[in-house]
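Heads up: the structure comes next, in structure tokens.
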Amino acid sequence: MSSVLVPQEQDFPRWYQEVIAKAQLAENGPVRGTMVIRPWGYAIWERLEAAIDERIKATGARNAYFPLLIPEAYLRREAEHVEGFSPELAVVTHGGGKQLEEAIVVRPTSETIVNSSFAKWISSYRDLPLLINQWANVVRWELRPRLFLRTSEFLWQEGHTAHATREEAHEYALRILAEVYADAMVEELAIPVFQGRKTEREKFAGAEVSWSCEGVMRDGKALQMGTSHELGQNFARAFDIQFSDRDGELRHVWQTSWGASTRLIGAMIMVHGDDHGLRVPPRLAPVQVVVLVARAGEGVIEAATTLVDDLQRAGVRTELDGNVEVSVGRRIVDHELRGVPIRLELGPRDLAADQVVIARRARAEKDTAALPYVALEIPNMLAQDQAELLAQATALRDGRTRAARSIDDARELASDGFARLPWKAVGAEGENRLAQAGVSVRCLVREDGRPVDDPDAAGVDALVARAY
RNA sequence: CGGGGAGUAGCGCAGUCUGGUAGCGCACCCGGCUGGGGGCCGGGCGGUCGCAGGUUCAAAUCCUGUCUCCCCGACCA
């Protein structure tokens with residue numbers, strides 16, 4: 001990470017927005033706090049979405065779609081849930097040209113509307129488990145929005161499931177956390193995450209237990225990248241979701257809900273981005289290789305086209321940049337800003353030497369390769385660069401995660417990273433003290449890496465940090 | 001809501017303290033030269049300085065009021 005910028009906290013937002021603007025990923029939308037995602041950014045998102053969707057389906061869940069507008073009364077049915085969301089609701093008061101008798105809210109999340117359907121769909125243990133996922137946009141009227149990380153409107157997937165037993169719901173929630181979220185973040189985004197349990201203070205409104213994947217951004221701040229909740233029977237009671245069990249008894253279902261959003265694109269920018277713009281992990285890059293004609297010359301275009309064909313046949317997403325009207329420097333900068341993983345430069349001089357110039361975004365180096373063989377080597381290089389980004393992000397995370405000796409110590413360390421200390425040494429009271437300094441307990445983890453079933457047990461550590 | 005800051009050309013800014021009728025970079029247009037990392041030289045187009053009022057011979061600049069935006073904090077995927 002030689003030329004990598006490690007921004008100071010105060011100038012970080014500026015750096016971040018410049019990268020986004022230059023990379024043409026997003027721009028401010030018409031309503032404060034919303035955002036527009038440009039085609040290049042969306043192409044990255046589409047690949048990530050597909051990767052997550054595939055993993056979700058592997059757990060047995062299926063996609064469905066529910067209404068955007070929810071009667072306010074639905075939200076009121078679960079006390080903690082409505083309390084948690086009320087301040088950030090966008091409310092529709094007019095329709096059809098007149099004031100509505102009862103206000104309708106734009107969904108901030110869909111537990112209530114989904115569960116009103118679940119109540120009708122579920123009657124027998126044979127209907128369980130019911131595993132539903134929805135890709136949709138939701139609205140939360142945030143006090144202070146941040147591009148990508150906390151926009152008023154965002155695109156996400158939200159899963160909603162119903163199970164016959166608490167144990168089954170518990171296992172499923174953890175399965176989503178590990179096999180869907182953590183796996184996609186590591187394998188696709190090349191970002192390592194801490195998987196842990198939320199404290200009572202931090203858990204989702206309406207949940208019994210919340211689990212999350214926490215990422216470490218380049219400035220040392222935490223980003224909650226995905227959450228999975230055990231809802232217990234809270235919504236089942238509120239929406240009367242019951243089933244006849246094998247023994248003939250009528251029982252309420254046990255539920256989970258879980259979500260991950262376009263915030264993940266923000267994480268990619270904040271973890272992998274550098275002075276020169278984005279660095280998109282090869283697995284997510286819409287264009288993995290750009291073959292750039294540095295200068296026109298006899299046979300150059302033909303050779304470049306052949307190279308593109310060879311790469312495409314090898315399954316590499318490749319683009320030809322033969323726009324010699326535009327200066328080489330400008331085109332190179334454009335591709336760097338967009339984070340294209342590998343750039344091959346070809347001109348008359350290279351052709352004469354039977355070579356190409358190869359520049360790899362992940363490692364900021366430029367080299368030459370033999371023209372006849374380079375197409376064969378590229379797939380392996382892409383895999384290496386994917387691993388390289390993960391290695392860099394892992395070094396970042398580990399370097400910024402330190403053991404703390406006390407709450408005061410943790411508060412110090414949280415100025416630029418994560419602090420880890422026994423949860424027993426913190427507790428609800430210590431958590432409040434940290435909160436006054438803008439530091440929160442991101443999640444609870446066990447030394448042996450297993451899920452935290454009992455927060456008060458021995459060997460449970462708190463990971464604390466400042467969060468976005 | 002509390003604390004800071006900013007509104008001047010399409011974009012980014014200087015000029016404001018010490019009033020004299022607006023300037024720089026990028027972009028754009030024209031010509032030429034260049035062409036392996038955001039080209040160079042020359043020539044152009046473009047704004048009456050957020051808005052309203054006041055002081056003055058004269059206001060981007062001073063005074064009063066007002067609107068908007070941004071940043072930090074509180075709420076949060």
Side-chain angles (χ1 to χ4, degrees), chain A residues 9-14 16-18 21-22 27-28 32-33 83-89 107-111 136-159 181 198 201-205 207 210-215 222-229 257-267 275-277 292-297 300 304 321 323-337 343-353 355-359 364 366 368 435-440 442 466-468:
Chain A
E9 189 163 331
Q10 67 266 22
D11 61 29
F12 189 71
R14 184 175 177 171
Y16 172 53
Q17 286 174 20
E18 276 187 10
K22 285 180 182 170
E27 58 192 16
N28 289 323
R32 184 169 184 271
E83 195 180 324
F85 280 105
S86 284
E88 53 190 71
L89 294 180
R107 62 183 168 212
T109 178
S110 304
E111 272 75 7
N137 51 346
V138 292
V139 170
R140 298 180 187 179
W141 212 265
E142 301 289 352
L143 261 44
R144 201 150 100 72
R146 263 181 207 280
L147 205 55
F148 276 112
L149 305 186
R150 191 174 306 105
T151 44
S152 303
E153 176 182 345
F154 58 92
L155 180 55
W156 74 345
Q157 62 65 217
E158 48 175 323
Y181 295 151
K198 285 292 187 184
R201 183 193 175 97
E202 296 286 330
K203 76 178 185 187
F204 174 71
S210 287
W211 305 88
S212 76
C213 290
E214 301 285 332
L223 186 71
Q224 183 171 309
M225 293 171 61
T227 48
S228 186
H229 313 289
S257 72
W258 26 280
S261 72
T262 39
R263 168 181 272 191
L264 293 174
I265 298 293
D275 292 1
H276 304 281
L292 184 147
V293 177
R295 212 181 140 181
V300 176
D321 179 354
N323 187 12
V324 292
E325 301 297 309
V326 177
S327 80
V328 179
R330 182 170 292 276
R331 288 183 286 146
I332 287 174
V333 167
D334 282 348
H335 295 128
E336 276 179 345
L337 280 170
R343 183 178 72 249
L344 299 176
E345 299 171 14
L346 194 59
R349 292 210 295 259
D350 302 300
L351 205 53
Q355 66 174 35
V356 289
V357 172
I358 177 165
K366 210 163 163 172
T368 56
Q436 281 165 11
V439 177
S440 56
R442 302 316 305 156
R466 292 180 184 280
Y468 275 107

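Predicted model, so just to flag it, every value in this text is computed and none were measured. By convention in this document, chain letters (A, B, ...) are assigned in the order of the sequence lines, proteins followed by strands, and residues within each chain are numbered from 1.
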Original post:
Along nucleotides 32-37 of chain B, 5' to 3', which nucleotides get a B, which get an S, and which get a -, given that the test is a protein heavy-atom distance under 4.0 Å?
Top reply: ---BBB
Original post:
Please give, in whole Å, the distance from B:A77 C1' to A:Glu202 CD?
Top reply: 12 Å
Original post:
Going through the distances and angles, do A:Lys198 and A:Arg442 end up as a side-chain contact (heavy atoms from CB on, under 4.5 Å)?
Top reply: CA-CA 7 Å; A:Lys198 285 292 187 184; A:Arg442 302 316 305 156; 3.5 Å; yes
Original post:
What nucleic acid atoms does A:Thr151 come within less than 4.0 Å of, heavy atoms only: base, sugar-phosphate, or nothing?
Top reply: base
Original post:
Paired with B:C45 by Watson-Crick or G-U wobble geometry, both distances under 3.5 Å: which nucleotide is it?
Top reply: none
Original post:
Which whole number of Å gives the distance between the P atom of B:G35 and that of B:C30?
Top reply: 22 Å
Subject >> Nearest heavy atoms of A:Pro348 and A:Ala296, plus distance in Å >> reply: CG-O, 3.6 Å
Original post:
What distance, rounded to whole Å, do you find between the two C1' atoms, one in B:C24 and one in B:A9?
Top reply: 12 Å
Original post:
Whole-Å distance between B:A77 C1' and A:Glu142 CD?
Top reply: 8 Å
Original post:
Roughly how far apart, to the nearest Å, are B:G2 and B:U16 at atom C1'?
Top reply: 29 Å
Subject >> Atom pair distance, as rounded to whole Å: CZ in A:Arg146 and P in B:A77 >> reply: 15 Å
**OP:** Using the test salt bridge (charged side-chain N to carboxylate O under 4.0 Å, His left out), find all partners of A:Glu158 that sit at least two apart in sequence or belong to another chain.
**Re:** none
Original post:
Do A:Ser257 and A:His229 have side-chain N/O donor and acceptor atoms under 3.5 Å apart?
Top reply: no
Original post:
Atom OH of A:Tyr468 to atom C1' of B:G73: distance rounded to whole Å?
Top reply: 15 Å
Subject >> Euclidean distance, atom CG of residue A:Asp334 to atom P of B:G38 [Å, nearest integer] >> reply: 12 Å
Subject >> Base-pairing assignment for B:U18 (Watson-Crick or G-U wobble, both under 3.5 Å) >> reply: none
Original post:
Should A:Lys366 and A:Glu345 count as an ion pair when the cut-off is N to O under 4.0 Å?
Top reply: yes
**OP:** With the side chain of A:Leu143 defined as its heavy atoms from C-beta on, choose the nearest nucleotide among B:G38, B:C75, B:G73.
**Re:** B:C75
**OP:** For A:Glu214 and A:Ser212, test the side chains for any donor-to-acceptor distance below 3.5 angstrom and give the result as yes or no.
**Re:** yes
Original post:
Quantified in whole Å, what is the P atom distance between nucleotide B:C51 and nucleotide B:A74?
Top reply: 36 Å
Original post:
Between B:A77 atom P and A:Glu111 atom CD, what is the distance in whole Å?
Top reply: 12 Å
Original post:
Quick one: do the A:Arg107 and A:Thr109 side chains pair a donor with an acceptor below 3.5 Å?
Top reply: no
Subject >> Separation between the C1' atoms of B:U68 and B:C75, rounded to whole Å >> reply: 24 Å
Original post:
If we call it a pair only when both distances are under 3.5 Å in a Watson-Crick or G-U wobble match, what pairs with B:G53?
Top reply: B:C63
Original post:
Taking all non-hydrogen atoms of both residues, which atom of A:Ser210 and which atom of A:Ala207 are closest, and how far apart?
Top reply: OG-CB, 3.8 Å
Original post:
If the C1' atom of B:A22 is compared with that of B:U61, how far apart are they to the nearest Å?
Top reply: 11 Å
Original post:
What does B:C69 pair with, Watson-Crick or G-U, if both distances are under 3.5 Å?
Top reply: B:G5
Original post:
How far does the P atom of B:U8 sit from the matching atom of B:C57, given to the nearest Å?
Top reply: 30 Å
Original post:
When we call it a touch if two heavy atoms are under 4.0 Å apart, what does A:Phe154 touch: a base, just sugar-phosphate, or nothing?
Top reply: base
Original post:
When you check the phosphate oxygens OP1 and OP2 of B:C72, does a side-chain N or O of A:Arg466 lie under 4.0 Å from one of them?
Top reply: no
Subject >> Residue matched to B:C40 through Watson-Crick or wobble contacts both under 3.5 angstrom >> reply: B:G32
**OP:** Over all heavy atoms of both residues, which pair between A:Val300 and A:Leu351 is shortest? Give the atoms and the distance, please.
**Re:** N-CD2, 3.8 Å
Original post:
So which nucleotide does B:G12 pair with, by the Watson-Crick or G-U wobble rule with both distances under 3.5 Å?
Top reply: B:C24
**OP:** Using the C1' atom on both, measure B:U64 against B:C28 and round to a whole Å.
**Re:** 41 Å
